[in-house]
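Notes follow once the structure below has been shown.
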Amino acid sequence: MVEAHRTFVIVGAGLAGAKAAETLRAEGFTGRVILIGDERDHPYERPPLSKGYLSGKEERDSVFVHERAWYAGADIELHLGQPVTALDRYARTVRLGDNTVIHYDKLLLATGSEPRRLDIPGTDLAGVHHLRRLAHADRLRNVLAALGRDNGHLVIAGGGWIGLEVAAAARGYGAEVTVVEPEPTPLHQVVGPEVGQIFTELHGAHGVRFHFGARLTEIVGQDGMVLAARTDDGEEHPAHDVLAAIGAAPRSALAEAAGLRQAERARGGGIAVDASLRTSDPHIYAAGDVAAVDHPLLGVRLRVEHWANALNGGPAAARAMLGQDVTYDRVPYFFSDQYDVGLEYSGWAPPGSYDEVIIRGDAGKREFIAFWLKDRRVLAGMNVNVWDVTETIQGLIRAGGQHDPEALADPSAPLDSLL
Ligand SMILES: Cc1cc2nc3c(=O)[nH]c(=O)nc-3n(C[C@H](O)[C@H](O)[C@H](O)COP(=O)(O)OP(=O)(O)OC[C@H]3O[C@@H](n4cnc5c(N)ncnc54)[C@H](O)[C@@H]3O)c2cc1C
């Protein structure tokens, strides 16, 4: 078929979707590109929603991937405020919320993920929040400013990245903050207890209270307003607002209903894709938060909920849709900003996978690189207020060689020399 007569449809107008559409055009695709999203805003980046935009330092306009007019200029048909409600793999069509049916030759699912909900009494109260969308950030920004003005209390369920970034933003407004976390340290599932402790100290120094080893069991309210948050060990924390930051789940219902192969739920779920980001249907691809990739480098099926994975995975899927030879084997990468601490994390080293953590630099001054090792091989590295080392850290992970832990820990030995 002549390319100009082909239609590529992308479901999910987030970062992965927008970057895939952009790449189709950059690679010279002349057919129809249709980008469909259920949000009313055109594609935007989410990291500022818990950092610069939430803290009031960045403008709303700065979060968008492109200006709205860019899409028409690139001949990308943008359907916003339109959920895709059904996928018919045999007819190769998608159905929109308004019942429009669109035929595709190739389809990309870039539907992202959504916040997990607290399943406890009181979550219907007005002061209970989630943070995923720009509209959530608009609201939370006002809430934090009001809490700061009135000495109000914010209880955050979950000491993961979003919980901690919001804690930092809330302290910036002057709000009282308590983080309730079932594990003994924040970020436990990502960085483990050794480095988690550094984050306990960082936030403690900024006045955040932690309640570890506990879960919320009830949000107590009166007249529709939050009064307190109760935990399973019988404590009650005063609260005017509560943020549920207990992780995200892949938005894979559409793919599941269409019978596309899914990754194991116990390992994070998501749409199972091969290293070229192709699903179990050869006409359908998936990228970004929703895709569980059979990772050629790490040898595991992995669903990565990070910005860089959407930024690079969308384009990789677009190239694969065009028939190019694609192997998506990027080292997982994440960044975060909290107070005056900026960090980048590369690799994958959940607790249980590593046997040693090496600190290179000064953890007390929060200027260091942490390495997670298994049998002296670098599984992951995190640079904190140390810059321009990500490529080298990723090189160490990729090379997979064994290293003397003392050499890794010694800041006087140039990192590059270890490659
Ligand atoms: C507050 C916040 C802060 C973050 N900070 C960082 C950070 O500092 N560093 C980092 O690396 N990562 C960060 N992330 C993660 C990063 O933003 C995500 O990994 C990234 O947004 C994933 O992009 P995506 O395109 O896969 O999904 P999304 O951005 O979720 O986009 C998917 C889009 O598809 C839409 N959609 C879903 N189903 C349908 C349907 N059936 N029909 C139509 N549309 C649909 C969704 O509404 C959404 O608009 C953060 C995330 C959040 C929420």
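Sequence positions, counted from 1, serve as the residue numbers for this chain. Heavy-atom basis, side chains included; hydrogens, waters and symmetry copies ignored. Remember, it's 1-based here, ligands and their atoms both numbered in the order they're listed.
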Parallel under 30°, tilted from 30 to 60°, perpendicular over 60°: which one fits the rings of H206 and Y339? parallel

Which of the atoms of ligand 1 are close to P83, meaning less than 4.0 Å from one of its heavy atoms? 42 (N), 43 (C)

Atom 14 (N) of ligand 1 [closest protein heavy-atom partner, distance rounded to 0.1 Å]: P47 CG, 4.4 Å

Run the numbers for me: atoms of ligand 1, each under 4.0 Å from some heavy atom of G37, listed by number. 43 (C), 44 (N)

Atoms of ligand 1 less than 4.0 Å from L15 heavy atoms? 25 (O)

Option from D41, D38, D138 for which salt bridge (Lys or Arg N to Asp or Glu O under 4.0 Å) with R133 holds: D38

For a salt bridge (Lys or Arg N to Asp or Glu O under 4.0 Å) check, start with the C-alpha distance between E39 and R46, then their side-chain angles and the critical distance, and finish with the verdict. CA-CA 13 Å; E39 296 189 62; R46 295 178 202 273; 2.9 Å; yes

Got the closest protein heavy atom to atom 43 (C) of ligand 1, with its distance? D38 N, 3.4 Å

Under the 6.0 Å and 45° cation-pi test, does R360 pair with F368? no

Going by distance only, is there an N or O of A16 that falls short of 3.5 Å from an N or O of ligand 1? yes

Under 4.0 Å from a heavy atom of G14: give me the atoms of ligand 1 that qualify, with their elements. 25 (O), 31 (O), 33 (C)

Minimum distance, heavy atoms only, to atom 1 (C) of ligand 1: which one of L311, L109, L131 is it? L131

With nothing but distance in play, are any N or O atoms of V290 less than 3.5 Å from an N or O of ligand 1? no

Just to confirm my output: which protein heavy-atom neighbour is closest to atom 9 (N) of ligand 1, and how far is it? F335 O, 3.0 Å

Counting from 1, what ligand 1 atoms have a heavy atom of R133 closer than 4.0 Å? 47 (O)

With side-chain contact (heavy atoms from CB on, under 4.5 Å) as the test, pick out the partner of F371 among I397, L379, L396, V357. L396

Write out the residue and atom name of the closest protein heavy atom to atom 30 (O) of ligand 1, then the distance separating them to 0.1 Å. R132 NH2, 2.7 Å

For this output row, return yes or no: ring centroids of F8 and Y104 closer than 6.0 angstrom. no

Looking at Y53, Y44, W307, W161, the heavy atom closest to atom 12 (N) of ligand 1 belongs to W307

Kindly state whether the ring of Y345 and the ring of H306 have centres lying under 6.0 angstrom apart. no

Using ring centroids (six-membered ring only for Trp), state whether W307 and F334 fall under 6.0 Å. no

Can you tell which of R251, H79, Q338, H306 gets a heavy atom nearest to atom 38 (N) of ligand 1? R251

Quick check: V11 and ligand 1, any N/O pair under 3.5 Å apart? no

Just say parallel, tilted or perpendicular for the rings of F212 and F210, cut-offs at 30° and 60°. parallel

Any side-chain heavy atom of I284 sitting closer than 4.5 Å to one from L87? yes

Considering only non-hydrogen protein atoms, determine which one is nearest to atom 42 (N) of ligand 1 and report residue, atom name and distance to 0.1 Å. V84 N, 2.8 Å

Going by the atom numbers of ligand 1, which of them fall below 4.0 Å from some non-hydrogen atom of Q82? 43 (C)

Using a 4.0 Å cut-off to any heavy atom of E39, which atoms of ligand 1 qualify? 47 (O), 48 (C), 49 (O)

Close side-chain approach of I271 to Q262, heavy-atom, < 4.5 Å: yes

Just need the protein heavy atom nearest to atom 23 (O) of ligand 1, so name the residue and atom and give the distance. A310 CB, 3.4 Å

Note, R6 side chain near F29 side chain (heavy atom, < 4.5 Å): yes

Looking only at distances, please establish whether an N/O atom of ligand 1 is found under 3.5 Å from an N/O atom of S336. no

Option passing side-chain hydrogen bond (donor to acceptor under 3.5 Å, both in side chains) with Y328 (candidates D294, N312, N309): N309

Show the atoms of ligand 1 that are less than 4.0 angstrom away from any heavy atom in A110. 32 (C), 33 (C), 34 (O)

Got the closest protein heavy atom to atom 51 (C) of ligand 1, with its distance? R46 CB, 3.8 Å

Among K51, H130, E305, closest by heavy atom to atom 15 (C) of ligand 1 is E305

If you take the nearest heavy atom of each of D41, D289, L35, which one is closest to atom 18 (C) of ligand 1? D289

Any donor-acceptor N or O pair under 3.5 Å, side chains T279, D281: no

For the residue pair H211 and H237, is the inter-centroid distance of their aromatic rings smaller than 6.0 Å? yes

Ranked by distance from atom 52 (C) of ligand 1, the top protein heavy atom is I162 CD1, 3.6 Å

